[in-house]
Amino acid sequence: MLTAIVGVNWGDEGKGRMVDLLSQSYDIVCRYQGGNNAGHTVVNERGKFILNLLPSGILRSETVNVMGQGMVIDLEHLFHEIERLREAGIAISPQNLKISSRATICLPYHKLLDCLEEDRLAGKKFGSTRRGIAPVYADKYYKKTLRMGDLLTPDTLAEKMEGFVQWKNLTVEKGYGHAPIDAQEMVQWLRRYGLPLQDYICDTTAYLNREIDNGKSILFEAQLGALRDIDFGIYPYTSSSSVIAAYATIGTGIPNRTLDETIGIIKAYSSCVGEGPFTCELFGEEASRLREAGGEYGAATGRPRRVGGFDVVASRYGVMVQGATSLALTKLDVLGSYEKIPVCVAYELDGRRVEDFPVGDALERAMPIYEYLPGFCCDISGCRTREELPQAVLDYVAFIECAVHCPVRYLSVGPGREQYVQL
Ligand code: GDP
């Protein structure tokens, strides 16, 4: 069984928590794109964990975790993330963590370039997390950067780095007027944070194909949501990688396999970190109420998130491009105090009502059309079965299913592992 768990919206839908819940039925959990620019938050009996690079299955001792070739890996960040988990008593070894030799290394100068460019853009910035993600993906396609497999031949690192740094300094020194990058420093960094990972690096194409043939089941975990996909998202306010489910098998090294199932994680309202068009955005009192109720602050950056009501137009589009076969609706408990739930049912574009998600400048001009659905006015965080849910909750769920053309299979009613209802 090959299943992808992906975000339908702008990210922060609660994917980490759903992967943590569902990973118990899978043998292997894989991350297939992105770096430490976003975070999953998982709350279980061992505590609260923020995972930026490691797959969420790392919290279960019997699950094997794979960091796929579509990822960009900041070695220093990974080193500390592993250390923090070990301190919390989580065992991490080459038996339960495998890193693709084809994954790209995110170097300190990628972070530096990210910062230099965001500072240059000043008021017109894209809202980068400054973790080097766009520069490292750009270098991947320039074919001028290191991959994890390079750490297996440490004697070649100095020569490779020398070539990359010479090229990079044309931009850093001559372009931005910053002090040049020192190749030796980069090599020391690679040795300090990369060499301890040597035993974890492997050919995930061979590994995963073998395990699938052995009947193992795999869960593919995405970071961010459909609207942040480099191709299908709100470009240029997107991430720099392919976050959609169609990339899951490519990003882990098994393009020869096909997904059996795609579970879309969809939030009961909307939230968005950073810049870019966010048509359903609420402001003022209404926004503060929702932000506080939902604890909408970025897991990786602590930045307050922009919030809005459930966006039918964006969510239907997200479900479509993800090819979701079922949905997990999260954070429904957050709406518990609402008498009337705001829902963005369509957009107004140049005086016309539109139902299809607009692209480019048209999206910037779109205005939300809001309607209000009956609230449920009660705390549903203790509900565990369909029968315990008030009718108004079931009506809200039925509205969403109908609006986005996909069945809701899981309802998440709180951050805890057991706080969900299977419909
Ligand atoms: P991800 O990037 O999609 O994994 O999302 P985040 O982890 O950044 O954000 C999800 C946040 O919401 C975390 O703090 C979770 O613990 C929390 N969360 C997830 N599902 C629920 C839910 O159903 N109800 C509530 N109240 N919180 C939830």
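Read the numbers this way: they start at 1 and go in the same order the structure lists the ligands and their atoms. Reckoned from all heavy atoms, side chains included, excluding hydrogens, waters and symmetry mates. These figures come from a predicted structure and were not determined experimentally.
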Record the part of E221 in heavy-atom contact with ligand 1 below 4.0 Å; permitted values are side chain, backbone, both and neither. neither
Return the set of residues passing salt bridge (charged side-chain N to carboxylate O under 4.0 Å, His left out) with D203 (not counting sequence neighbours), or none when no residue passes. R102
Between R131 and D74, is the closest basic N to carboxylate O distance under 4.0 Å? no
Test of understanding: given a 4.0 Å heavy-atom threshold, classify the contact between V413 and ligand 1 as side chain, backbone, both, or neither. backbone
Backbone or side-chain N or O of K15 under 3.5 Å from ligand 1 N or O: yes
Between atom CD1 of I218 and atom CD1 of I28, what is the distance when rounded to the nearest 0.5 Å? 4.5 Å
Please evaluate residues E339 and Y372 with respect to the criterion side chain to side chain donor-acceptor pair (under 3.5 Å), reporting the C-alpha separation (whole Å), side-chain torsions for both, the decisive distance (0.1 Å), and the verdict. CA-CA 9 Å; E339 280 172 19; Y372 289 85; over 6 Å; no
Should the pair K267-E296 be classified as a salt bridge under the 4.0 Å nitrogen-to-oxygen rule? yes
Under 4.0 Å from one or more heavy atoms of S412, ligand 1 contributes atoms 20 (N), 21 (C), 22 (C), 23 (O)
Can you list the atoms of ligand 1 that are under 4.0 Å from a heavy atom of G16? 4 (O)
Between L332 and ligand 1, is there a nitrogen or oxygen pair with a distance under 3.5 Å? no
All N/O donor-acceptor pairs, side-chain side in residues 238-246, below 3.5 Å, sequence neighbours left out:
from : atom 1 : to  : atom 2 : distance (Å)
S239 : OG     : N37 : ND2    : 3.4
S241 : OG     : Q33 : NE2    : 3.0

Atom indices of ligand 1, in the order listed, that fall short of 4.0 Å to a heavy atom of R305: 8 (O)
K331 and ligand 1 - part of the residue with a heavy-atom distance under 4.0 Å: both
If you measure every N/O of G14 against every N/O of ligand 1, is any gap under 3.5 Å? yes
So for D333 against ligand 1, with non-hydrogen atoms under 4.0 Å, the contacting part is side chain
Would you verify whether the NZ or CZ of R192 falls within 45 degrees of the ring axis of F79 while also being under 6.0 Å from that six-membered ring's centre? yes
G11 to ligand 1: N or O pair under 3.5 Å? no
Go through ligand 1 atom by atom and flag the ones less than 4.0 Å from a non-hydrogen atom of G414. 21 (C), 22 (C), 23 (O), 24 (N), 25 (C)
Please round to the nearest 0.5 Å and tell me the distance separating atom CD1 of I400 and atom CD1 of I266. 6.0 Å
Mark up the atoms of ligand 1 that fall under 4.0 Å of a heavy atom belonging to E13, in ascending order. 3 (O), 5 (O)
Going by the angle between their ring planes, with limits at 30° and 60°, are Y32 and Y247 parallel, tilted or perpendicular? tilted
Would you check whether K48 has a nitrogen or oxygen atom less than 3.5 angstrom from a nitrogen or oxygen atom of ligand 1? no
